[in-house]
Amino acid sequence: MVQKNIRKFAAESLDEWANVLDRESKPLPAEIVREMGRLNIWGIQAPVRFGGADLDTISYAIIIEEISRVSAAVGLGVTVHNSVCLAPLLKFGTKEQIERFAPDLASGKKIGGFTVTEPHAGSDMASIQTTAVPDGDHYILNGQKTFVTNGGIGDIFLTAASVDTGKKAGGIAIFIVEKSMKGFSVGKIEDMMGMRGNMVSELFFNSVRVPRENVLGPVDDGFRISMQTLDIGRIGIAAQALGIGIAAFGAAAAYAMERKQFDRPIGTFQAISFKLADMKTLLDASRLLIYRAADHKDRNLPFSTESAMCKLFASEAAMRVCMEALQIFGGYGYVKDLPVERFFRDAKITEIYEGTSEIMKIIIGNAILKEFSRL
Ligand SMILES: Cc1cc2nc3c(=O)[nH]c(=O)nc-3n(C[C@H](O)[C@H](O)[C@H](O)COP(=O)(O)OP(=O)(O)OC[C@H]3O[C@@H](n4cnc5c(N)ncnc54)[C@H](O)[C@@H]3O)c2cc1C
């Protein structure tokens with residue numbers, strides 16, 4: 001039912017926008033953002049009393065896949081808002097924080113983000129330089145963030161800052177920062193290769209006074225909170241990659257049976273049908289890895305390694321599927337009249353954000369070493 005409803009919404013309301021957002025690098029119209037609120041898309045796993053849909057993580061993955069099939073840029077905004085802003089707020093927030101921020105986020109009245117990355121701190125989050133200095137009932141935040149998904153349109157940002165840079169990971173705290181706070185500003189919107197419908201931006205913190213009650217979780221527990229948050233987020237990024245791959249595969253399979261060369265559909269050449277066979281297998285394997293990670297999360301089993309595995313596999317699978325889809329389209333895959341080149345551009349970043357493929361292998365590798373060192 002969830003899949004059917006979201007597929008219908010995506011076909012009727014998003015499809016006409018997907019190319020426009022990409023070409024013109026602009027955000028979704030406010031009316032569609034509101035429509036998504038009515039469909040509970042901004043509060044997929046939030047409790048019903050806050051205006052959410054209270055769905056399980058498999059349903060969440062299905063929603064992200066369906067939206068990303070049509071517009072990966074919109075899928076990005078939705079997954080980040082839900083999984084790395086609203087989810088950690090609900091998981092680590094105090095009762096007061098949840099009552100205060102969850103209703104507006106779950107209804108889509110306010111859009112959320114999660115901001116860790118800085119010019120000199122990407123994969124190595126522990127080296128962030130944004131500082132948070134205590135001042136009475138407040139912390140004073142100073143610093144700069146880069147590549148913030150939803151940055152240009154967001155209202156609430158979970159922001160990593162260091163209360164003691166000498167302590168590296170042990171000094172990081174997460175602050176709930178609101179756009180309206182004095183000293184907060186949005187920098188340039190990135191001119192990107194893909195995901196152009198998301199207003200990914202810089203953010204600046206110039207002596208922003210953040211009340212102590214806006215610290216999420218214990219003050220020096222921000223690194224652990226961030227790692228657990230990214231475990232959740234990666235299931236969404238994997239589902240996004242799957243959605244892009246499914247779109248590219250569907251287009252390529254249809255084209256393979258329609259396009260004739262040497263008096264026969266190109267799909268009847270074994271070279272092409274073998275590509276389709278590989279693509280389908282990669283996508284089905286991605287889906288199963290995603291559902292396994294989601295199922296572990298829903299059953300309160302450890303899912304950090306499973307989440308890294310599904311993100312690693314699904315993002316690399318999407319990239320390969322998009323590359324083969326473009327090849328099947330020949331020259332027509334290379335021009336902007338058809339969406340295949342957009343799928344290709346959108347797919348690439350799934351191997352990079354919320355932890356690169358190399359970092360996923362470190363996480364998976366460390367888990368293996370830990371398991372076998374116990375034997
Ligand atoms: C469109 C977009 C949206 C984003 N959204 C957000 C967001 O909302 N919030 C946010 O905080 N960040 C966001 N990011 C940032 C993203 O998470 C980072 O780009 C990513 O984590 C990689 O960091 P980096 O770009 O600094 O690369 P680096 O960390 O400098 O890495 C460069 C290369 O070195 C490799 N490398 C680094 N360390 C190691 C190692 N130990 N072993 C092996 N290889 C290594 C990497 O895998 C990579 O190939 C976004 C980025 C983009 C482009």
Side-chain angles (χ1 to χ4, degrees), residues 21-22 25 27 68 71-88 111-130 143-162 168-169 172 174-175 177 179 186-205 216 222-223 225-234 236-238 240-241 244 308 311-312 315-316 318-319 342 345-366 369:
L21 304 185
D22 177 65
S25 189
S68 302
S71 169
V74 175
L76 171 61
V78 173
T79 186
V80 162
H81 170 96
N82 274 280
S83 69
V84 293
C85 183
L86 186 48
I111 299 297
F114 172 72
T115 166
V116 175
T117 307
E118 298 180 359
H120 301 290
S123 303
D124 181 13
M125 176 188 167
S127 64
I128 58 167
Q129 295 299 311
T130 296
Q144 175 187 352
K145 297 290 179 182
T146 49
F147 299 137
V148 186
T149 296
N150 295 340
I153 58 154
D155 306 279
I156 295 171
F157 295 95
L158 299 189
T159 303
S162 180
K168 302 282 267 182
I172 294 176
I174 302 294
F175 296 86
V177 176
K179 176 171 84 173
V186 177
K188 85 170 152 41
I189 307 286
E190 299 296 345
D191 184 7
M192 302 186 295
M193 166 182 173
M195 301 292 168
R196 295 176 57 79
N198 192 293
M199 301 299 101
V200 174
S201 78
E202 299 171 323
L203 294 181
F204 291 95
F205 301 81
L216 188 72
F223 187 82
I225 290 174
S226 299
M227 293 303 115
Q228 290 194 16
T229 296
L230 289 169
D231 287 343
I232 305 171
R234 286 172 189 142
I237 300 300
Q240 181 195 33
I244 301 169
K311 201 265 185 188
L312 171 67
S315 60
E316 295 196 342
M319 202 54 213
R342 167 163 61 87
R345 287 184 286 107
D346 284 345
K348 180 59 203 172
I349 189 61
T350 64
E351 294 180 320
I352 296 171
Y353 53 32
E354 296 204 14
T356 62
S357 288
E358 291 78 7
I359 298 299
M360 294 309 98
K361 288 183 193 177
I362 292 174
I363 294 171
I364 300 160
N366 283 346
L369 298 186

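These numbers were taken from a predicted model, which means no experiment stands behind them. One-based numbering, in listed order, for ligands and for the atoms of each.
A donor-acceptor contact shorter than 3.5 Å is absent between the side chain of Thr79 and the backbone of Leu76. In this structure, the side chain of His81 does not engage the main chain of Ile111 through any donor-acceptor pair within 3.5 Å.
Note that the CD1 atom of Ile172 and the CD1 atom of Ile128 stand 4.0 Å from one another [nearest 0.5 Å]. The distance from the CD1 atom of Ile225 to the CZ atom of Phe114 is 9.5 Å, given to the nearest 0.5 Å.
Partners of Glu118 under the salt bridge (Lys or Arg N to Asp or Glu O under 4.0 Å) rule, at least two apart in sequence or in another chain, are Lys145.
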Test log, rule side chain to side chain donor-acceptor pair (under 3.5 Å), inputs Thr130 and Gln144: CA-CA 6 Å; Thr130 296; Gln144 175 187 352; over 6 Å; no

May I have the N/O to N/O pairs between ligand 1 and the protein that fall below 3.5 Å, each with atom names and distance to one decimal?
| from | atom 1 | to | atom 2 | distance (Å) |
| --- | --- | --- | --- | --- |
| ligand 1 | 5 (N) | Phe147 | O | 2.9 |
| ligand 1 | 5 (N) | Thr149 | OG1 | 2.8 |
| ligand 1 | 8 (O) | Phe114 | O | 3.4 |
| ligand 1 | 8 (O) | Thr149 | N | 3.0 |
| ligand 1 | 8 (O) | Thr149 | OG1 | 3.3 |
| ligand 1 | 9 (N) | Phe114 | O | 2.8 |
| ligand 1 | 11 (O) | Val116 | N | 2.8 |
| ligand 1 | 11 (O) | Thr117 | N | 2.9 |
| ligand 1 | 11 (O) | Thr117 | OG1 | 3.1 |
| ligand 1 | 12 (N) | Thr117 | OG1 | 2.6 |
| ligand 1 | 14 (N) | Phe147 | O | 3.3 |
| ligand 1 | 29 (O) | Ser123 | N | 2.9 |
| ligand 1 | 29 (O) | Ser123 | OG | 2.6 |
| ligand 1 | 47 (O) | Thr356 | OG1 | 2.7 |
| ligand 1 | 47 (O) | Glu358 | OE1 | 2.8 |

